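The structure appears below as structure tokens.
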Amino acid sequence: MPEVLVVDDSKVMRDMVVACLRPYPGLAFTHASSGLEAIERLSLKPYDLIILDLNMPDIGGIEVVEFVRSQDTLRHLPIVIVTTRGDEASRARALEVGADRFMTKPFTPDAILGEVKGLLERGRG
């Protein structure tokens, strides 16, 4: 069963992401409310995908992506950035450090489901 780590300091946003991904059969979810908590969770068990906000109060999303890409065991873990930052500089920076996809809030359920489905199925192929 694929497990997704959903990282956002807003519980409402974490719950919204999970609700959008419920149609994908067999997904399990773990929540993290900060970048530091995400790094702690990543050190405890493997995940199949991360959905990550950029703006968080302790360690930001860019730093989490940099951490993931620096770890041999995590290097190929798919990362979807979901953020309110819609500017090109934020998008370019996130992709430059290793995010696989960049989406702005608000997003449609079909859009996030499509991105997650594509990344998870690519990993199985």
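Computed from a predicted model, the values in this text were never measured in an experiment.
- Nearest approach of R14 to D8, heavy atoms of both residues: NH1-O, 2.6 Å.
- Note that CD of E66 is 12.0 Å distant from CD of Q71, once rounded to the nearest 0.5 Å.
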Residue pair L120, L27: steps toward the side chain to side chain contact (heavy atoms under 4.5 Å, CB included) verdict: CA-CA 10 Å; L120 289 174; L27 281 185; 3.5 Å; yes
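- The closest side-chain heavy-atom distance from V18 to V6 is below 4.5 Å.
- Closest heavy-atom contact between G35 and D58: N-OD1, 3.2 Å.
- When every heavy atom of A38 is checked against every heavy atom of V7, the shortest pair comes out as CB-CG2, 3.6 Å.
- For the pair L119/R122, a side-chain contact is recorded, criterion being any heavy-atom separation below 4.5 Å from C-beta on.
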Could you pull out every donor-acceptor pair under 3.5 Å between side chains of residues 74-86 and any protein atom, sequence neighbours left out?
unit_1	atom_1	unit_2	atom_2	d
R75	NE	R69	O	3.2
R75	NH1	D72	OD1	2.8
R75	NH2	D72	OD1	3.3
T83	OG1	R85	N	3.1
T84	OG1	N55	ND2	3.4
R85	NE	N55	OD1	2.7
R85	NH2	N55	OD1	2.6

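- A donor-acceptor pair is defined here as one N or O able to donate and one able to accept, closer than 3.5 Å; such a pair exists between the side chain of E63 and the backbone of G60.
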Step-by-step side chain to side chain contact (heavy atoms under 4.5 Å, CB included) determination, D15 to H31: CA-CA 9 Å; D15 291 345; H31 295 243; 3.8 Å; yes
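- Atoms CD1 and CD, from I59 and E40 in turn, are 8.5 Å apart once rounded to the nearest 0.5 Å.
- Here the side chains of L5 and L42 are in contact, with some heavy-atom distance below 4.5 Å.
- Under the side chain to side chain donor-acceptor pair (under 3.5 Å) criterion, R41 pairs with E37, sequence neighbours left out.
- Put simply, I50 and V116 are part of two different groups of oily side chains (I, L, V, M, F, W, Y) that touch within less than 4.5 Å, one to the next.
- For L113, the side chain to side chain contact (heavy atoms under 4.5 Å, CB included) partners at least two apart in sequence or on another chain are L21, P23, Y24.
- Distance check: R93 CZ to E96 CD gives 5.0 Å after rounding to the nearest 0.5 Å.
- Using a 4.5 Å cut-off on side-chain heavy atoms (C-beta onward), L52 and V68 make no contact.
- Linking ILVMFWY side-chain heavy atoms closer than 4.5 Å, directly or via other members, places M13 and F29 in a single hydrophobic cluster.
- In this structure, the side chains of L54 and F102 come closer than 4.5 Å at one or more pairs of heavy atoms.
- Here the shortest heavy-atom pairing between G26 and P2 reads O-CD, 3.6 Å.
- There is a path of hydrophobic side-chain contacts, each under 4.5 Å, that joins V4 to F107.
- In this structure, CG on D100 lies 10.0 Å from CD on E115, to the nearest 0.5 angstrom.
- Placement of V64 and Y47 within a single hydrophobic cluster is found when ILVMFWY residues are connected by side-chain heavy-atom separations under 4.5 Å, directly or transitively.
- Atoms CD and OG1, from E3 and T30 in turn, are 3.5 Å apart once rounded to the nearest 0.5 Å.
- Rounding to the nearest 0.5 Å gives a distance of 11.0 Å between CG of D48 and CE of M1.
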